[in-house]
Student: 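Sharing a structure with you now.
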Number of protein chains: 2
Amino acid sequence: MLSDVMEDYLKAIYSLQMEHGPPVSTSAIAEYLGKTPPTVTSMVGKLEDRGLLEREKYKGVELTEEGETVALEVLRHHRLLEAYLTEHLDYSWSEVHEEADALEHHISEEFERRVAAALGDPEVDPHGDPIPSADLTPPNSSGLSTLSDHTVGDVIVVCRVSDRDPEELEYLSEAGVVPGTTIEIIDVAPFGMVTVRVADSEREQSLPESVARTIRVREPDESCEDEGVSTA
Amino acid sequence: MLSDVMEDYLKAIYSLQMEHGPPVSTSAIAEYLGKTPPTVTSMVGKLEDRGLLEREKYKGVELTEEGETVALEVLRHHRLLEAYLTEHLDYSWSEVHEEADALEHHISEEFERRVAAALGDPEVDPHGDPIPSADLTPPNSSGLSTLSDHTVGDVIVVCRVSDRDPEELEYLSEAGVVPGTTIEIIDVAPFGMVTVRVADSEREQSLPESVARTIRVREPDESCEDEGVSTA
DNA sequence: TATTTGGTTTAGACACGTCTAATTCAACCT
DNA sequence: AGGTTGAATTAGACGTGTCTAAACCAAATA
């Protein structure tokens with residue numbers, strides 16, 4: 001049986017692998033999880049012993065297929081919970097992450113099935129992140145561009161935002177920058193600061209490059225799987 | 001911050017206190033939680049240090065007000081979850097206990113509020129157990145009699161069954177002995193074996209004394225708070 | 001090539017929750 | 001009252017996950 005902590009490591013490594021590809025460094029994991037590097041080295045050793053990842057000393061780490069499957073299972077739990085909480089328990093977009101983090105390790109397979117059924121087997125969570133399917137095959141990491149790939153005058157639709165930082169999420173939520181909204185890029189200042197106009201509202205919002213980089217967008221005529229669950 | 005484990009001890013002690021009153025012995029706690037007595041002694045020491053219970057060496061243990069409040073908080077979580085799972089996620093009566101045990105330590109206050117709201121602030125869970133109110137004042141341990149207090153010919157209504165043993169629960173569920181059903185006592189055999197007829201169905205069921213003792217009942221004309229959430 | 005530097009790992013410690021084996025206590029029974 | 005007995009506690013150990021401090025490696029620099 002894997003501990004909650006091990007599951008957290010696998011999830012973290014999976015995310016980091018998605019973002020920057022393998023190998024994933026000790027310090028990156030430490031940073032992501034708020035642990036010290038020696039702690040990570042030690043844990044990574046145990047995960048390697050269990051065949052959940054491969055490690056090259058002083059280089060980094062890469063999940064095995066088995067490790068990836070575990071990560072996807074946890075991720076599925078997490079995103080189903082996020083979707084359920086917004087759909088059925090009236091949570092707002094920016095509140096769900098913490099709750100899902102706490103619950104994701106403790107739900108049964110039965111619970112997972114029933115929640116998925118209650119939601120009609122959704123494909124994305126409220127932030128637009130794809131929900132791994134029940135068979136835990138790796139979701140195709142869609143070729144969506146990011147907001148910072150675009151330039152002044154572009155009109156695009158938000159598909160997906162990062163759920164990592166609650167404050168950032170709160171800010172985007174306020175700003176109306178949520179999956180499904182159409183935005184126009186008004187200005188790109190030095191250091192990548194992007195100013196956008198949100199369709200329908202007259203409002204303009206400026207976003208630092210660090211945020212713009214995490215917002216996935218599409219052309220207005222394309223479609224990304226789905227548009228995320230609606231929310232208050 | 002209290003650990004999950006500590007919460008489990010407090011919940012266990014609370015239950016044992018309800019059943020047999022204080023003081024609660026080391027071995028009773030050990031038995032209830034499936035731990036060894038030395039483990040319990042050690043944990044009980046820590047709980048005492050935190051002011052959650054009072055201990056008299058070689059005698060036993062009794063929760064302080066603070067300890068009881070914690071226990072009630074966990075119990076509230078547990079029973080709200082049980083109610084929610086049967087009401088909104090289609091769980092059956094006998095399946096909810098384990099799931100609630102796993103989740104009860106990990107839900108936020110916010111989650112508790114929203115679940116309670118979604119259920120309309122119920123007063124009992126699907127087994128008929130009273131749900132502690134949000135202010136965590138001790139629920140009045142109602143003066144319900146048990147099935148084994150009654151005798152042949154008595155016609156009574158089931159209010160509450162124990163949720164401790166999944167098999168027992170499954171059996172009672174099959175038998176139709178659930179909160180709200182009216183039963184008539186047909187026979188009381190030696191060793192307290194009780195045979196009852198379930199109203200509406202022609203079926204007769206025999207229950208060992210150990211089970212009969214845990215079933216709370218009322219006279220048909222009285223009312224106990226509520227009758228538990230309906231279920232499949 | 002030698003050195004510096006920054007990230008990684010090893011070494012060693014600690015808190016937690018658990019166990020088994022040994023001891024101690026208290027209550028009961030001659 | 002003295003001895004027996006069963007429960008409770010102490011003693012000591014272990015696994016897990018974490019830390020700090022020290023040693024180490026490898027990549028970039030001079």
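Throughout, a chain's letter reflects where its sequence line sits, starting with A, and its residues are numbered from 1.
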Student: Going by an N to O cut-off under 4.0 Å, is there a salt bridge joining A/Glu104 and A/Lys11?
Tutor: yes

Student: Check the phosphate of C/dT18 against B/Tyr9, side-chain N and O only, distance under 4.0 Å to OP1 or OP2. Yes or no?
Tutor: yes

Student: How close or far is atom P of D/dT16 from atom CE of A/Met6, stated in whole angstroms?
Tutor: 7 Å

Student: My understanding is that only one of A/Asp101, A/Val124, A/Val96 makes a side-chain contact (heavy atoms from CB on, under 4.5 Å) with A/Glu82; could you say which?
Tutor: A/Val96

Student: So do A/His150 and A/Val188 actually touch side chain to side chain, heavy atoms under 4.5 Å?
Tutor: no

Student: Please determine, for the side chain of B/Tyr58, which listed nucleotide (C/dG7, D/dA8, C/dG17) has the closest atom?
Tutor: D/dA8

Student: Angle between the two end axes of the helix from C/dT1-D/dA30 to C/dT30-D/dA1, five base pairs per end, rounded to 10 degrees?
Tutor: 20°

Student: Are OP1 or OP2 of D/dA7 and a side-chain N or O of B/Ser25 less than 4.0 angstrom apart?
Tutor: no

Student: Check B/Arg114 with A/Glu95, please: is the shortest side-chain N to carboxylate O separation under 4.0 Å?
Tutor: yes

Student: Using atom NZ of B/Lys59 as one end and atom P of D/dG6 as the other, report the distance to the nearest whole Å.
Tutor: 19 Å

Student: Looking at DNA chain C, which of residues 35-45 of chain B put a heavy atom within less than 4.0 Å of it?
Tutor: B/Lys35, B/Thr36, B/Pro38, B/Thr39, B/Ser42

Student: Report, as yes or no, whether the 6.0 Å neighbourhood of atom CD on B/Glu62 holds more than 12 heavy atoms from other residues, nucleotides or ligands.
Tutor: yes

Student: Please name the pair of heavy atoms, one in A/Gly51 and one in A/Thr64, separated by the smallest distance, quoted to 0.1 Å.
Tutor: O-OG1, 2.8 Å

Student: Starting from C1' on C/dA26, measure out to CD on B/Glu56 and report it in whole angstrom.
Tutor: 12 Å

Student: Whole Å only: how far is the CD atom of A/Glu31 from the P atom of C/dG6?
Tutor: 17 Å

Student: Identify which nucleotide among D/dT10, D/dG17, C/dT8 has an atom closest to any side-chain atom of A/Thr26, counting heavy atoms from C-beta outward.
Tutor: C/dT8

Student: Within the 3.5 Å criterion, strictly below it, is a donor on A/Glu110 or B/Tyr91 matched to an acceptor on the partner's side chain?
Tutor: no

Student: Please indicate whether A/Glu109 has more than 12 foreign heavy atoms, meaning atoms of other residues, nucleotides or ligands, lying under 6.0 Å from its CD.
Tutor: yes

Student: Let me know the distance between CG of A/Leu33 and P of D/dG17, rounded to the nearest Å.
Tutor: 13 Å

Student: Return no unless some side-chain N or O of B/Lys46 is found under 4.0 Å from OP1 or OP2 of C/dA15.
Tutor: no

Student: Can you measure B/Leu47 atom CG to D/dT9 atom P for me and round it to whole angstrom units?
Tutor: 13 Å

Student: Check whether NZ of the Lys or CZ of the Arg B/Arg164 lies under 6.0 Å from the centre of the six-membered ring of B/Tyr32 and within 45 degrees of that ring's axis.
Tutor: yes

Student: With a 4.0 Å cutoff (strictly under), does any side-chain N or O of A/Arg55 reach OP1 or OP2 of C/dT8?
Tutor: no

Student: Starting at CD1 of A/Ile29 and ending at C1' of C/dT8, how long is that distance when rounded to a whole Å?
Tutor: 12 Å

Student: Rounded to the Å, how far apart are A/Asp4 CG and D/dG15 P?
Tutor: 21 Å

